[in-house]
J.: 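Here's a structure for you.
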Amino acid sequence: MTTGRGDRAAPPAPEGHWEVRFADAASAKGWESLAQQARENTYRAWTTMRTDPRPTTETPRHHRLKGGLAHGTHRGQTCEQWQIEVTGGGRIWYLADTSRGTCWITFAGTGHPRATDRH
């Protein structure tokens, strides 16, 4: 069975942890590619999303996106959008849905997201 939109990216979250789910099939596919390329770093990113998705101290590798990318909408809920740099080019973007305690992965991939390219 392949993963897709709405699927959990792992087992159910224990008490006090966030759910991590895919916002769409493309993010699920990108997650699989990223996990094949950087297994340990992808696991660390998943752990971070489960336990500290909105850190009070941002780092260059884990921070909130800026400008028009700072927010996104999923299921009618507007949420903060965050990024975790998994490898030099690999990224995970997710929406921190505080009302549902869920991180919705909106992008995962081994290459830098085109949405951040400046023209």
J.: Applying side-chain contact (heavy atoms from CB on, under 4.5 Å), can you list everything that pairs with Thr73, at least two apart in sequence or on another chain?
T.: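 Partners of Thr73 by the side-chain contact (heavy atoms from CB on, under 4.5 Å) criterion, ordered by chain and then number, come out as Thr78.
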
J.: Check Gln81 against Arg64 and note the closest heavy-atom contact, atom names and distance.
T.: O-CG, 3.4 Å

J.: Please find the pair of heavy atoms, one from Arg61 and one from Thr87, that lie closest to each other, and give the distance.
T.: NH2-N, 4.1 Å

J.: Can you tell me how far CH2 of Trp31 sits from OG1 of Thr110, rounded to the nearest 0.5 angstrom?
T.: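 Atom-to-atom, Thr110:OG1 and Trp31:CH2 are 14.0 Å apart.
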
J.: Which atom pair, heavy atoms only, marks the closest approach of Arg50 to Pro14?
T.: NH2-CD, 2.8 Å

J.: Supply the atom-to-atom distance Thr98 OG1 to Trp18 CH2, rounded to the nearest 0.5 angstrom.
T.: 5.5 Å

J.: With sequence neighbours excluded, what pairs up with Pro60 under the side-chain contact (heavy atoms from CB on, under 4.5 Å) test?
T.: none

J.: What residues, two or more places apart in sequence or in another chain, satisfy side-chain hydrogen bond (donor to acceptor under 3.5 Å, both in side chains) together with Ser99?
T.: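 If we apply the side-chain hydrogen bond (donor to acceptor under 3.5 Å, both in side chains) test to Ser99, skipping adjacent residues, the hits are Asp97.
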
J.: How far does CH2 of Trp46 sit from CG of Leu34, to the nearest 0.5 angstrom?
T.: 15.0 Å

J.: Among Asp52, Thr57, Thr51, exactly one meets side chain to side chain contact (heavy atoms under 4.5 Å, CB included) together with Pro55. Which residue is that?
T.: Asp52

J.: Nearest heavy-atom pair of Cys79 and Ala96: which atoms, and what distance?
T.: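 Nearest heavy atoms, Cys79 then Ala96: CB-O, 3.4 Å.
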
J.: Does Asp24 have any side-chain hydrogen bond (donor to acceptor under 3.5 Å, both in side chains) partners at least two apart in sequence or in another chain, and if so, which?
T.: Ser27

J.: Could you give the distance from CH2 (Trp82) to CD (Glu58), rounded to the nearest 0.5 Å?
T.: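 Reported to 0.5 Å precision, the distance equals 4.0 Å.
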
J.: What is the minimum heavy-atom distance between Glu85 and Arg91, and which atoms define it?
T.: CG-NH1, 3.3 Å

J.: Under 3.5 Å, is there a donor-acceptor pair between the side chain of Glu19 and the main chain of Ala13?
T.: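 Such a contact is found between Glu19 side chain and Ala13 backbone.
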
J.: Would you call Val20 and Tyr94 a side-chain contact if the rule is heavy atoms closer than 4.5 Å?
T.: no

J.: Which other residues end up in the same hydrophobic cluster as Trp104, if Ile, Leu, Val, Met, Phe, Trp and Tyr are linked when side-chain heavy atoms come under 4.5 Å apart?
T.: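 Grouped by the 4.5 Å side-chain rule, Leu95 form the rest of the cluster around Trp104.
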
J.: Between Arg100 and His74, which heavy-atom pair has the shortest distance, and what is it?
T.: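 Where Arg100 meets His74 most closely, the heavy atoms are NH1-O, 4.0 Å.
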
J.: Look up atom NZ in Lys66 and atom CD in Gln83, then write down how far apart they are to the nearest 0.5 Å.
T.: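 Rounded to the nearest 0.5 Å, the NZ-CD separation comes out at 10.0 Å.
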
J.: Working to the nearest 0.5 Å, report the span between CD1 of Ile92 and SG of Cys103.
T.: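 One gets 10.5 Å once the value is rounded to the nearest 0.5 Å.
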
J.: Return the set of residues passing side-chain hydrogen bond (donor to acceptor under 3.5 Å, both in side chains) with Asn41 (not counting sequence neighbours), or none when no residue passes.
T.: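 Checked Asn41 against side-chain hydrogen bond (donor to acceptor under 3.5 Å, both in side chains); matches are Arg44.
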
